[in-house]
Engineer: 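Below is a structure I'd like to ask you about.
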Amino acid sequence: TIQRSGHDNARPLIEAYLEEHYPEDLTLESIAQFMHYSPAYFSKLFKRLFDQTFTSYLTAVRMEHAKQLLSASSLSVRKVAASVGFQNLSYFTSAFRRLTGCTPTEYRANSLKTKGGESS
């Protein structure tokens, strides 16, 4: 149980670290090093704690921030992508579409329509 509680304490630490550093060039290896685990062990631990891979989780965190920026700013899609940690616009767009069902531009347009409808 001591070892298990250590894993339980790892989850909030990992979540806080990813929430603070998501725009950076993060790798499983860099976070494993931060947590003082081997990459292989950290990968298994992450999957056990979050029920998904590190890459999937990080992408989801980045996409949530991208959706907020698309809804609340006039930054270009390229700048939104870069500000949440994607250097490749094409990859960002395809990942965004895969997770949300629409492109970043469509998401922004839908978000503006929704906001416009609420204020009328």
Side-chain angles (χ1 to χ4, degrees):
T1 53
I2 292 170
Q3 193 174 16
R4 178 68 186 143
S5 67
H7 295 328
D8 291 342
N9 293 335
R11 183 181 172 118
L13 182 60
I14 295 167
E15 286 173 330
Y17 186 87
L18 290 176
E19 191 59 38
E20 184 175 338
H21 296 278
Y22 71 88
E24 299 169 16
D25 185 21
L26 295 178
T27 63
L28 182 131
E29 290 77 13
S30 67
I31 297 185
Q33 184 177 11
F34 168 75
M35 296 292 296
H36 304 289
Y37 294 132
S38 73
Y41 178 78
F42 181 73
S43 179
K44 290 176 187 167
L45 175 63
F46 195 95
K47 180 88 166 140
R48 196 173 331 137
L49 291 174
F50 293 89
D51 199 30
Q52 60 185 308
T53 66
F54 167 77
T55 303
S56 296
Y57 184 88
L58 178 59
T59 299
V61 168
R62 288 175 168 169
M63 290 304 170
E64 283 306 309
H65 286 279
K67 290 193 301 189
Q68 291 171 7
L69 286 172
L70 289 165
S71 296
S73 78
S74 59
L75 289 174
S76 70
V77 172
R78 182 178 300 281
K79 286 185 179 176
V80 168
S83 70
V84 299
F86 288 91
Q87 301 313 311
N88 183 312
L89 180 61
S90 166
Y91 179 75
F92 169 73
T93 302
S94 67
F96 193 93
R97 174 179 253 151
R98 187 173 54 252
L99 289 173
T100 65
C102 61
T103 67
T105 304
E106 292 167 343
Y107 184 87
R108 174 175 274 159
N110 292 336
S111 175
L112 291 173
K113 281 184 206 172
T114 302
K115 285 182 182 179
E118 289 173 358
S119 64
S120 326

Engineer: Could you tell me whether the side chain of Ser73 reaches within less than 4.5 Å of the side chain of Arg108, counting heavy atoms only?
Structural biologist: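 Side-chain contact under 4.5 Å: yes.
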Engineer: Can you tell me how far CD of Gln68 sits from OG of Ser111, rounded to the nearest 0.5 angstrom?
Structural biologist: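 CD of Gln68 is found 11.0 Å from OG of Ser111.
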Engineer: Do Val77 and Leu70 have side chains that get closer than 4.5 Å, going by heavy atoms?
Structural biologist: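 Heavy-atom side-chain distance check passes, below 4.5 Å.
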Engineer: Report the relative orientation of the aromatic rings in Phe96 and Tyr107; use parallel for angles under 30°, tilted for 30 to 60°, perpendicular for over 60°.
Structural biologist: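 Rings of Phe96 and Tyr107: perpendicular, as their planes differ by over 60°.
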Engineer: Of all the heavy-atom pairs spanning Met35 and Leu13, show the shortest one and how long it is.
Structural biologist: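 Result for this residue pair: SD-CD2, 3.7 Å.
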Engineer: Taking the side chain as everything from C-beta on, heavy atoms only, tell me whether Phe86 gets closer than 4.5 Å to Thr59.
Structural biologist: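 Touching, per the 4.5 Å side-chain cut-off.
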Engineer: Please tell me if the side chains of His65 and Glu19 come closer than 4.5 Å, counting only heavy atoms from C-beta onward.
Structural biologist: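 Side-chain contact under 4.5 Å: yes.
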Engineer: Heavy-atom distance under 4.5 Å between the side chains of Met63 and Phe92, does that happen here?
Structural biologist: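 They are in side-chain contact.
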Engineer: Determine whether a donor-acceptor pair (N or O, by modelled atom type, separation under 3.5 Å) exists between the side chain of Ser94 and the backbone of Tyr91.
Structural biologist: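 Indeed, once roles are kept as given, a pair shorter than 3.5 Å links the two residues.
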Engineer: How many angstroms lie between atom CZ of Phe34 and atom CG of Leu26, to the nearest 0.5 angstrom?
Structural biologist: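 These two atoms lie 11.0 Å from each other.
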Engineer: Over 60° means perpendicular and under 30° means parallel, so classify the ring planes of Phe46 and Phe50, tilted if in between.
Structural biologist: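 Phe50 vs Phe46 ring planes: parallel.
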Engineer: Are there over 12 heavy-atom neighbours, none belonging to Gln33, within less than 6.0 Å of that residue's CD?
Structural biologist: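 No, because the 6.0 Å sphere around CD of Gln33 holds 12 heavy atoms or fewer from other groups.
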Engineer: What are the two closest non-hydrogen atoms of Glu24 and Arg62, and how far apart are they?
Structural biologist: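 Residues Glu24 and Arg62, closest heavy atoms: O-NH2, 2.7 Å.
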Engineer: Answer yes or no: is there a side-chain heavy-atom contact under 4.5 Å between Pro104 and Val80?
Structural biologist: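 They are not in side-chain contact.
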Engineer: May I ask you to check whether over 12 heavy atoms, not counting those of Glu20, lie within 6.0 Å of atom CD?
Structural biologist: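 No, the 6.0 Å shell around CD holds no more than 12 heavy atoms from other groups.
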Engineer: Measure the spacing between CD of Glu15 and OH of Tyr57 and express it to the nearest 0.5 Å.
Structural biologist: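 So the gap between those two atoms works out to 4.0 Å.
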Engineer: Do the non-hydrogen side-chain atoms of Glu29 and Phe54 ever get within less than 4.5 Å of each other?
Structural biologist: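 No. Closest side-chain heavy atoms not under 4.5 Å.
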Engineer: Say you draw a straight line from CG of Leu99 to CD of Glu64; how long is it, rounded to the nearest 0.5 Å?
Structural biologist: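 So the CG of Leu99 and the CD of Glu64 are separated by 9.0 Å.
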Engineer: Looking at Pro39 and Leu28, what are the two nearest heavy atoms and their distance?
Structural biologist: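 Heavy-atom minimum between the residues: O-CD2, 3.3 Å.
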Engineer: With a 4.5 Å heavy-atom cut-off, do Ile31 and Leu18 have their side chains touching?
Structural biologist: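 Ile31 reaches Leu18 side chain to side chain.
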Engineer: Using 0.5 Å steps for rounding, measure from the CZ atom of Arg78 to the CG atom of Leu89.
Structural biologist: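 These two atoms lie 4.5 Å from each other.
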Engineer: So which atom in Pro23 and which in Ser83 form the shortest heavy-atom distance, rounded to 0.1 Å?
Structural biologist: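 So the minimum-distance heavy-atom pair works out to CB-O, 3.4 Å.
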Engineer: Hey, could you give me the NZ/CG distance between Lys79 and Leu69, rounded to the nearest 0.5 Å?
Structural biologist: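 One finds 12.5 Å between NZ of Lys79 and CG of Leu69.
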